[in-house]
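Order of the sequence lines fixes the chain letters, A, B, ..., with proteins taken first and strands second; residue numbering starts at 1 for each chain.
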Amino acid sequence: MEGRIQAVRGMKDILPGEVETWQAVEALARKILEIYGFSEIRIPLLERTELFARSIGEATDIVEKEMYTFRDRSDISVTLRPEATAGILRAYIQHGLYRTQPFQKFYCIGPMFRYERPQKGRYRQFHQIDAEILGSPDPRCDAELLAMLRTLFEGMGLRELDFQINSLGCRSCRPSFKEAILSFLRDRETRLCEDCRRRLQINPLRIFDCKVPQCQENLRGAPQTLEHLCGPCRDHLESLERHLNSLEIPYTVNSLIVRGLDYYTRTIFEVISSDLGAQNAVCGGGRYDNLIEELGGPDMPAIGFAIGEERLVSLLLEGGRQRSRPPLDLFVVAVDARAESEAFLWLDRARRLGLRAETDLRGGSLKSQLRRAHKLSARRVLILGERELHQRRALLKAMDSGEQEEVPLDRLEAQMAEWVQGLREEK
RNA sequence: GUGGGUGUAGCUCAGAAGGUCAGAGCACCAGGUUGUGGCCCUGGGGGUCGAGGGUUCGAAUCCCUUCACUCACCCCA
């Protein structure tokens, strides 16, 4: 394939055949998000690099090695968004949205970019369905997000998804927990794997989900996040659990989940599927009570999540739930060149009335045009040839039965209008 | 960034130890009498066997390099 340009590594085309599933996912997501009171917000793909460095955290993998960063023509450093939250908050602060309405719920659907080695469920351009609730510390926010996720996933026919939650504590209790971990691991450090020794410096909590057996052994008896939560954080988690129970949302508390972004506080959660390979989270999110203030906004708590659309779509496809294009309502055949212009006219009339109608713009024999009509699973075919034009009528063929009838041209438009009516009633 | 696997027509793949090995199925296009789809039959288009180099009389087949894809690690959606 030398000489032919291929897509950039990690960037996927979504072709007809698969795109219908994406459309269905997004349509349902929008519907549910709107039902739950979220408003769409659209933000730029490109932001100043500093925004992500400050929000996600300088020492995170995303900022250190995964961002698409470059200088634009006026020499400012810009970055293709690796996640949506930072940009949404930037817009919220920049436009002073919190002044007119301090409590807001947003959603945003679109592509994100991270420069990573691609693998199953992970691409350099990927898509997220993102939702944020800004301006309330109430645990009902947390519960509402999870409730919405349940509704959404159920609506897609996905069961077997595991909702896992955890609490990372807050400014007042997290430092003491980190200290407890560090002192626990201090004399065991030499027995940890190389990666874990590095984690010890950067994000000690992450050692908990190391897969090396020896590391797991050394963690026996280690302090647990949940034991070190301060009173308010403990109350928050307990209250969330009460709400989840009353809404009958199944969940598990998993003290091992940690998130890769620095800004999370208190509640964090993931939605896990066992059918996704190594990248098994379809959705991840959490509370970030200090971030808005850190970005120069008011001191306002918030929480959000992001669904990985590629992963969601792959679950649907593997579950045999792909959508296909609806069949054609009408296919118009011009038997020979002399009927083409009349046929073309009726094709457009049909479309203006709202019928999904096609013809074969390459021409070809009657046989080949009918073959095409069949391939497009057209319900009806309108056949116009010299004979029909002379008699001012059209041949109408029903493809399932093969039966044909003649319709006078002066009655055809009314006939088409009836079909449109019938289609409306089917829905 | 690190490791494993794979690279032959649009797709899924055959091509045992180098010499009709450039193929099949599907897809696509066209025919199977005079204006008619699906099934069936016939025919056709399409590949520098990922790329470059080497060994050899001769390589898709062996060796080296490279690129791409893929899975996993790291990390995340």
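- A distance of about 27 Å separates the P atoms of B:rC73 and B:rU65, rounded to the whole Å.
- The listed nucleotides are B:rC69, B:rA72, B:rG35; the one nearest the side chain of A:R9 is B:rC69.
- By the side-chain hydrogen bond (donor to acceptor under 3.5 Å, both in side chains) test, A:R392 pairs with no residue at all, sequence neighbours left out.
- Annotation: B:rC21 and B:rA16 have their C1' atoms spaced 13 Å apart (nearest Å).
- When the C1' atom of B:rG1 is taken as reference, atom CZ of A:R198 falls 11 Å away, rounded to whole Å.
- Near RNA chain B, meaning a heavy atom under 4.0 Å away, the residues from residues 110-128 of chain A are A:R114, A:E116, A:R117, A:Q119, A:K120, A:G121, A:R122, A:Y123, A:F126, A:Q128.
- Salt bridge A:E64/A:R114: absent, no basic N to carboxylate O contact under 4.0 Å.
- Without hydrogens or angle criteria, A:R171 side chain to A:N290 main chain gives no donor-acceptor distance under 3.5 Å.
- If you check every strand for non-hydrogen atoms under 4.0 Å, A:E309 touches nothing.
- With P as the reference atom, B:rA9 and B:rA51 are 10 Å apart, rounded to whole Å.
- Nucleotides B:rG4 and B:rC74, compared at atom C1', are 16 Å apart to the nearest Å.
- With rounding to whole Å, A:K12 atom NZ is found 13 Å from B:rA68 atom P.
- Taking every side-chain heavy atom of A:R362 into account, B:rC29 is the closest of B:rU36, B:rC29, B:rU70.
- Across the P atoms, B:rC62 and B:rC75 are found 39 Å apart, a figure rounded to whole Å.
- The base of B:rU36 has none of its N or O atoms less than 3.5 Å from a complementary donor or acceptor on the side chain of A:K367.
- Between A:C283 and A:G364, the residue anchored nearer the 5' end of RNA chain B, judged by the nucleotide with its closest heavy atom, is A:G364.
- Looking at heavy-atom distances under 4.0 Å, A:I129 makes no contact with the nucleic acid at all.
- Comparing the C1' positions of B:rU33 and B:rU42 gives an interatomic distance of 16 Å, to the nearest angstrom.
- Between the C1' atoms of B:rG25 and B:rU8, the separation comes to 15 Å (whole Å).
- In this structure, A:M11 places its CE atom 15 Å from C1' of B:rA68, rounding to the nearest Å.
- Note on A:T60: nothing from the nucleic acid sits closer than 4.0 angstrom, heavy atoms only.
- With RNA chain B read from its 5' end, the first of the two nearest nucleotides for A:D61 and A:A7 is the one closest to A:A7.
- Using a 4.0 Å heavy-atom criterion, one finds that A:A373 contacts no nucleic acid atom at all.
- Which of B:rG31, B:rG35, B:rC74 sits closest to the side chain of A:R199 comes down to B:rC74.
- Here A:V333 lies out of heavy-atom contact (under 4.0 Å) with every strand.
- Using a distance-only test at 3.5 Å, with no hydrogens or angles considered, a donor-acceptor pair links the side chain of A:R206 to the main chain of A:R259.
- Nucleotide B:rG44 is matched to B:rC28 when pairs are restricted to Watson-Crick or G-U wobble geometry with both distances under 3.5 angstrom.
- Within 90° of 0 lies the glycosidic angle of B:rA16, which makes this nucleotide syn.
- Nucleic acid contact class of A:L312 (heavy atoms, under 4.0 Å, all strands): none.
- Shown here for A:F103 and A:S136, the closest heavy-atom pair between the two residues is CE1-CB, 3.7 Å.
- Residue contacts for A:E64: at a heavy-atom cut-off of 4.0 Å it reaches no nucleic acid atom on any strand shown.
- Rounded to whole angstrom, the span from the NZ atom of A:K375 across to the C1' atom of B:rU36 amounts to 15 Å.
- A salt bridge is defined here as a Lys NZ or Arg NE, NH1 or NH2 lying under 4.0 Å from an Asp or Glu carboxylate O, and A:E34 with A:K105 fails to meet this definition.
- Nucleotides B:rG18 and B:rG54 have their C1' atoms positioned 15 Å apart, rounded to a whole Å.
- A donor-acceptor contact under 3.5 Å is not formed by the side chain of A:R371 with the base of B:rG38.
- With a cut-off of 3.5 Å on both pairing distances, B:rU55 has no Watson-Crick or G-U wobble partner at all.
- Pairing for B:rA68 is with B:rU6, a Watson-Crick or G-U wobble pair whose two hydrogen-bonding atom distances lie under 3.5 Å.
- Residue A:H374 contributes atom NE2, which lies 13 Å from atom C1' of B:rU36 at whole-angstrom precision.
- In this structure, A:R188 satisfies the cation-pi test against A:F184, with its NZ or CZ atom closer than 6.0 Å to the six-membered ring centre and inside 45 degrees of the ring normal.
- Looking at A:Q369, its side chain has no donor and acceptor atom pair within 3.5 Å of the base of B:rU36.
- Per the geometry, CD1 belonging to A:I5 stands 17 Å off C1' belonging to B:rG50, to the nearest Å.
- Distance A:N280 CG to B:rC74 P: 12 Å, rounded to the nearest Å.
- With A:S55 as the fixed residue, the side-chain contact (heavy atoms from CB on, under 4.5 Å) test singles out one of A:T60, A:L89, A:D262, A:L295: A:L295.
- Ion pairing between a basic and an acidic side chain is recognised when a charged N comes within 4.0 Å of a carboxylate O; A:E318 and A:K120 show such pairing.
- When both distances must be under 3.5 Å, the Watson-Crick or G-U wobble mate of B:rC13 is B:rG23.
- When the C1' atom of B:rA77 is taken as reference, atom CG of A:L145 falls 16 Å away, rounded to whole Å.
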- Message: If you apply the rule salt bridge (Lys or Arg N to Asp or Glu O under 4.0 Å), what do you find for A:E116 with A:R9, and how did you get there?
- Response: CA-CA 10 Å; A:E116 298 180 85; A:R9 165 170 249 192; over 6 Å; no
